[in-house]
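Working notes, beginning with the structure itself.
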Amino acid sequence: MAILVTGGAGFIGSNFVLDWLAQTQETLVNLDKLTYAGNLRNLAPVNTNPNHIFVQGDIGDRALVGTLLSRYQPRAVLNFAAESHVDRSISGPAEFIHTNIVGSFHLLEAVRAYWTALPAGPASAFRLLHVSTDEVYGSLLAGEAAFSESRRYEPNSPYSASKAASDHLVRAYHHTYGLPVLTTNCSNNYGPLHFPEKLIPLMIVNALAGKPLPVYGDGQQIRDWLYVKDHCAAIRLVLERGRPGDTYNVGGWNEQANIDIVHAVCALLDEMQPRRDGRGYAQQISFVADRPGHDRRYAIDARKIKQELGWKPAETFASGLRKTVRWYLDNPQWVRDVQSGSYRDWVAHQYPGGGTAP
Ligand code: NAD
Ligand code: TYD
């Protein structure tokens with residue numbers, strides 16, 4: 001038995017791969033293009049694991065995906081591969097269209113061809129699980145009910161629009177061709193191996209480096225944060241027990257304003273690695289220009305996955321954030337490695353003035 005995972009060198013994908021290989025003996029074929037966000041060091045613990053087969057390549061390469069499918073005969077394909085950073089999608093949407101829409105289409109076509117040729121038993125057991133985001137639903141007003149699976153799609157950024165398009169394609173392949181698909185729409189993840197262009201890891205690494213902590217706008221935007229390992233557990237559960245054609249919203253029941261997240265990170269760092277001058281890391285907070293079209297609030301109603309599949313997060317935000325900060329403190333070499341790549345160019349592009357570090 002085998003599964004094919006795409007994007008397994010990125011943040012969530014690599015956490016999923018590490019957990020999978022720690023928990024099962026089933027072969028995992030990992031197809032990743034290794035963009036700036038793909039980091040093979042994330043997979044160092046499974047380098048010599050014979051159940052892990054890494055292949056560098058593009059989900060849009062239909063011939064390659066077809067070859068992998070016929071060689072390894074997976075019982076499932078899990079699609080994590082995507083361009084995932086909203087700010088990058090605003091600066092340059094083309095890659096988002098290329099991978100998230102066109103790439104997903106080619107992947108679907110390759111999977112459809114493989115699945116159509118399978119004998120009846122393996123064909124009915126087969127699953128394509130598409131990993132998506134809560135951002136497809138758009139922005140909530142204060143007091144509005146959290147996103148349920150039946151909420152209409154209203155994506156606002158090139159990133160969320162491209163993810164919405166891929167969700168629609170996945171849905172259409174079920175409706176039209178009967179492909180046994182599952183879609184998960186998850187809220188903001190955080191945890192180990194998170195590329196420091198996203199809020200929580202950026203705040204940790206900037207704080208430790210004595211740099212400004214750039215908070216967009218008034219910092220009152222709300223996200224629903226989930227520890228990445230809880231997301232991975234939800235994906236495993238949906239894969240085994242989800243109903244083909246269904247979508248499952250996954251969230252942390254944990255809505256927090258950005259500024260509160262930044263203060264929480266600072267408080268943990270004050271405790272675990274205080275600044276030498278005795279002042280708090282919150283000194284480094286710097287309010288910067290807001291993100292264009294910035295969604296105000298996301299919140300997931302995760303009742304369906306709880307009621308139907310029995311999933312709920314194992315971590316509280318306090319325990320998950322503590323583990324996350326600990327991981328970054330314990331892995332300075334990982335941070336140095338990602339910073340020595342294109343990450344540095346990106347930060348210079350996004351924050352040209354850099355703000356002023358106290
Ligand atoms: P990430 O940017 O850290 O990793 C993406 C991975 O996909 C990288 O390893 C990259 O090399 C790979 N990739 C990109 N284009 C590719 C292509 N054309 N072919 C093959 N591989 C390619 O992203 P992430 O945060 O791990 O997110 C994974 C998935 O989960 C994405 O689909 C994202 O939309 C979704 N998601 C993310 C979050 C979050 O908070 N990070 C929340 C909900 C859903
Ligand atoms: P991010 O981690 O990019 O995730 P997403 O945009 O997918 O929710 O951003 C989380 C929130 O933090 C979002 O409201 C934007 C905000 N943010 C900042 O205030 N400063 C930053 O430097 C970054 C990267 C994000």
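Residues: numbered from 1 along the sequence shown. Treat the numbers as computed from the prediction; the structure is a model and nothing was measured. Whatever order the structure lists them in is the order used to number ligands and atoms, beginning at 1.
Note: an N/O pair closer than 3.5 Å links Y216 and ligand 2 by distance alone. On a distance-only criterion, R223 and ligand 2 share at least one N/O pair closer than 3.5 Å. Residue D87 has no nitrogen or oxygen atom sitting less than 3.5 Å from a nitrogen or oxygen atom of ligand 2, judged on distance alone. Every N/O-N/O distance between D295 and ligand 2 stays at or above 3.5 Å. The N/O atoms of N258, backbone and side chain alike, include one that comes under 3.5 Å of an N/O atom in ligand 2.
Contacts with ligand 2 closer than 4.0 Å are made by no heavy atom of I200, backbone or side chain. Under 4.0 angstrom from ligand 2, there are no non-hydrogen atoms of V288. For L199, heavy-atom contacts with ligand 2 shorter than 4.0 Å involve the backbone as well as the side chain.
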Could you pull out all donor-acceptor pairs under 3.5 Å where a side-chain atom in residues 119-134 meets a protein atom, sequence neighbours excluded?
{"unit_1": "S124", "atom_1": "OG", "unit_2": "G121", "atom_2": "O", "d": "3.2"}
{"unit_1": "R127", "atom_1": "NH1", "unit_2": "S124", "atom_2": "O", "d": "3.0"}
{"unit_1": "H130", "atom_1": "ND1", "unit_2": "N79", "atom_2": "ND2", "d": "3.4"}
{"unit_1": "H130", "atom_1": "NE2", "unit_2": "S166", "atom_2": "OG", "d": "3.1"}
{"unit_1": "H130", "atom_1": "NE2", "unit_2": "D167", "atom_2": "OD1", "d": "3.0"}
{"unit_1": "S132", "atom_1": "OG", "unit_2": "D167", "atom_2": "OD1", "d": "2.9"}
{"unit_1": "S132", "atom_1": "OG", "unit_2": "D167", "atom_2": "OD2", "d": "3.0"}
{"unit_1": "T133", "atom_1": "OG1", "unit_2": "E135", "atom_2": "N", "d": "3.0"}

What pairs of donor and acceptor atoms, side-chain ones from residues 9-18 against any protein atom, are under 3.5 angstrom apart with sequence neighbours left out?
{"unit_1": "S14", "atom_1": "OG", "unit_2": "G10", "atom_2": "O", "d": "2.5"}
{"unit_1": "S14", "atom_1": "OG", "unit_2": "F11", "atom_2": "O", "d": "3.3"}
{"unit_1": "S14", "atom_1": "OG", "unit_2": "N42", "atom_2": "ND2", "d": "3.4"}
{"unit_1": "N15", "atom_1": "OD1", "unit_2": "K229", "atom_2": "NZ", "d": "3.0"}
{"unit_1": "N15", "atom_1": "ND2", "unit_2": "F11", "atom_2": "O", "d": "3.0"}
{"unit_1": "N15", "atom_1": "ND2", "unit_2": "P192", "atom_2": "O", "d": "3.0"}

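Geometrically, K198 does not engage Y190 in a cation-pi contact defined by less than 6.0 Å to the ring centre and at most 45° from the axis.
The ligand atoms of ligand 2 that sit less than 4.0 angstrom from a heavy atom of V215 are 19 (O). Short contacts between ligand 2 and H85, defined as distances under 4.0 Å to a heavy atom of the residue, involve ligand atoms 3 (O). Close approach to L202 involves these atoms of ligand 2, each under 4.0 Å from a residue heavy atom: 22 (O). Atoms of ligand 2 found under 4.0 Å from any heavy atom of P214, numbered from 1 in the order shown, are 18 (C), 19 (O), 20 (N), 21 (C), 22 (O). Shown in contact with E135 at under 4.0 Å from a heavy atom are these atoms of ligand 2, numbered in order with element: 5 (P), 7 (O), 8 (O). Residue V86 has at least one heavy-atom neighbour below 4.0 Å for each of these atoms of ligand 2: 6 (O), 7 (O). Within ligand 2, the atoms closer than 4.0 Å to a non-hydrogen atom of H294 are 13 (C), 14 (O), 15 (C), numbered from 1 in the order shown. Near E197, the atoms of ligand 2 lying under 4.0 angstrom from a non-hydrogen atom of the residue are 24 (C).
Sorted by first and then second residue, the ring pair (Phe, Tyr, Trp, His ring centres under 6.0 Å) pairs with a member in residues 274-311 form an empty list; sequence neighbours excluded.
Counting heavy atoms of neighbouring residues, nucleotides and ligands inside a 6.0 Å radius, atom NE2 of H175 does not exceed 12 of them.
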Less than 3.5 Å apart, N/O on ligand 1 and N/O on the protein: could you list those pairs with the distances?
{"unit_1": "ligand 1", "atom_1": "2 (O)", "unit_2": "S84", "atom_2": "OG", "d": "2.7"}
{"unit_1": "ligand 1", "atom_1": "3 (O)", "unit_2": "F11", "atom_2": "N", "d": "3.0"}
{"unit_1": "ligand 1", "atom_1": "9 (O)", "unit_2": "G10", "atom_2": "N", "d": "2.9"}
{"unit_1": "ligand 1", "atom_1": "9 (O)", "unit_2": "D32", "atom_2": "OD1", "d": "3.2"}
{"unit_1": "ligand 1", "atom_1": "9 (O)", "unit_2": "D32", "atom_2": "OD2", "d": "2.6"}
{"unit_1": "ligand 1", "atom_1": "11 (O)", "unit_2": "D32", "atom_2": "OD1", "d": "2.6"}
{"unit_1": "ligand 1", "atom_1": "11 (O)", "unit_2": "L34", "atom_2": "N", "d": "3.4"}
{"unit_1": "ligand 1", "atom_1": "11 (O)", "unit_2": "T35", "atom_2": "N", "d": "3.0"}
{"unit_1": "ligand 1", "atom_1": "11 (O)", "unit_2": "T35", "atom_2": "OG1", "d": "3.2"}
{"unit_1": "ligand 1", "atom_1": "18 (N)", "unit_2": "D58", "atom_2": "OD1", "d": "2.9"}
{"unit_1": "ligand 1", "atom_1": "18 (N)", "unit_2": "T99", "atom_2": "OG1", "d": "3.0"}
{"unit_1": "ligand 1", "atom_1": "19 (N)", "unit_2": "I59", "atom_2": "N", "d": "3.0"}
{"unit_1": "ligand 1", "atom_1": "21 (N)", "unit_2": "K33", "atom_2": "N", "d": "3.0"}
{"unit_1": "ligand 1", "atom_1": "23 (O)", "unit_2": "S84", "atom_2": "OG", "d": "3.2"}
{"unit_1": "ligand 1", "atom_1": "26 (O)", "unit_2": "F11", "atom_2": "N", "d": "3.2"}
{"unit_1": "ligand 1", "atom_1": "26 (O)", "unit_2": "I12", "atom_2": "N", "d": "2.7"}
{"unit_1": "ligand 1", "atom_1": "32 (O)", "unit_2": "F80", "atom_2": "O", "d": "3.1"}
{"unit_1": "ligand 1", "atom_1": "32 (O)", "unit_2": "V131", "atom_2": "O", "d": "3.4"}
{"unit_1": "ligand 1", "atom_1": "32 (O)", "unit_2": "K163", "atom_2": "NZ", "d": "2.6"}
{"unit_1": "ligand 1", "atom_1": "34 (O)", "unit_2": "Y159", "atom_2": "OH", "d": "2.7"}
{"unit_1": "ligand 1", "atom_1": "34 (O)", "unit_2": "K163", "atom_2": "NZ", "d": "3.1"}
{"unit_1": "ligand 1", "atom_1": "40 (O)", "unit_2": "N189", "atom_2": "N", "d": "2.9"}

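E83 and R88 are not joined by a salt bridge, as no carboxylate oxygen comes within less than 4.0 angstrom of a charged side-chain nitrogen. Using a 4.0 Å cut-off between charged side-chain N and carboxylate O, E271 and R322 make a salt bridge. Residues E255 and R223 are not paired through a salt bridge, judged by the lack of any N-O separation under 4.0 Å between the basic side chain and the carboxylate. Salt bridge R241/E308: absent, no basic N to carboxylate O contact under 4.0 Å. E144 has a carboxylate O that lies under 4.0 Å from a charged side-chain N of R151, or vice versa, which qualifies the two as a salt bridge. In summary, R296 and D218 engage in a salt bridge, as defined by a charged side-chain N under 4.0 Å from a carboxylate O.
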*Working for ring pair (Phe, Tyr, Trp, His ring centres under 6.0 Å), residues H168 and Y153*: CA-CA 10 Å; H168 289 323; Y153 274 32; 4.9 Å; yes

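A donor-acceptor contact closer than 3.5 angstrom links the side chains of Y137 and N249.
The shortest side-chain heavy-atom distance between Q256 and I222 does not fall under the 4.5 Å cut-off.
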